[in-house]
Amino acid sequence: LKETPKEKDVKDYFGKVYPKADDGSLQEISNEFVNEHKKKTYLAKQYPDLKYTDIDLLSSLITEEDIRRHEEDRGN
């Protein structure tokens, strides 16, 4: 969770894992993976004492909108 992966690198990886997948599907999978990872990275920075499993669960429960509102409430 230290670095956010680049979408192109993720797309290349999934392209090798799923060679028959079309470009649109690979793009969608990569985009979702990167966005989910960004949420997990944000949560890990905000709550450094949480275990990875807790961060994983919390990231599946919140949305980008929730994070945006949380940052606004904090004055960021």
Side-chain angles (χ1 to χ4, degrees):
L1 293 176
K2 296 195 184 251
E3 296 179 20
T4 301
K6 295 185 178 26
E7 200 167 311
K8 182 190 178 310
D9 295 338
V10 175
K11 184 178 176 186
D12 291 345
Y13 170 78
F14 281 116
K16 291 176 185 173
V17 173
Y18 304 106
K20 294 182 180 182
D22 64 275
D23 193 53
S25 296
L26 290 174
Q27 185 65 40
E28 190 174 325
I29 291 169
S30 320
N31 186 31
E32 185 62 31
F33 181 88
V34 169
N35 288 337
E36 193 65 28
H37 192 275
K38 284 180 184 178
K39 281 197 298 186
K40 290 177 184 177
T41 303
Y42 171 82
L43 292 168
K45 287 179 183 175
Q46 294 298 312
Y47 308 103
D49 294 333
L50 287 180
K51 292 186 243 173
Y52 179 77
T53 53
D54 296 333
I55 289 171
D56 195 37
L57 176 64
L58 189 56
S59 73
S60 68
L61 297 174
I62 65 168
T63 65
E64 292 293 323
E65 181 66 21
D66 294 331
I67 291 173
R68 186 189 63 73
R69 275 188 270 136
H70 176 69
E71 284 296 311
E72 283 178 1
D73 291 345
R74 292 181 58 216
N76 294 332

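Start at 1 with the first residue, then count along the sequence.
- Of the candidates L58, D54, L50, L43 forms a side-chain contact (heavy atoms from CB on, under 4.5 Å) with just one, namely L58.
- E7 CD: more than 12 foreign heavy atoms inside a 6.0 Å radius.
- For residues 11-21, every residue pair satisfying the salt bridge (Lys or Arg N to Asp or Glu O under 4.0 Å) rule, not counting sequence neighbours, is listed here: K8-D12, K11-D23.
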- Task: Please step through salt bridge (charged side-chain N to carboxylate O under 4.0 Å, His left out) for the pair R68 and E72, ending with a clear verdict.
- Result: CA-CA 6 Å; R68 186 189 63 73; E72 283 178 1; 2.3 Å; yes
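- Nearest approach of P19 to V17, heavy atoms of both residues: CD-O, 3.3 Å.
- Legend: residues meeting side chain to side chain donor-acceptor pair (under 3.5 Å) with Q46, ordered by chain and number and at least two apart, are R74.
- Relative ring orientation between H70 and Y42 is described as perpendicular, the plane-to-plane angle rising above 60° on a 0-90° scale split at 30° and 60°.
- Scanning all heavy atoms of the two residues, the minimum distance from S30 to V10 falls at CA-CG1, 3.8 Å.
- Shown are H37, E36, K38; of these, the side-chain hydrogen bond (donor to acceptor under 3.5 Å, both in side chains) with S59 is made only by E36.
- Residue F14 places its CZ atom among more than 12 non-hydrogen atoms of other residues, nucleotides or ligands, all under 6.0 Å distant.
- When all heavy atoms are compared, the tightest approach of V34 to K6 is CG2-C, 4.4 Å.
- Put simply, the side chain of K39 gets close to the backbone of I62: a donor and an acceptor are under 3.5 Å apart.
- Under 3.5 Å, the side chains of T63 and D66 contain a donor-acceptor pair of N or O atoms.
- L61 belongs to a hydrophobic cluster whose remaining members, ordered by chain and number, are L57; membership requires side-chain heavy atoms of ILVMFWY residues under 4.5 Å apart, directly or through intermediates.
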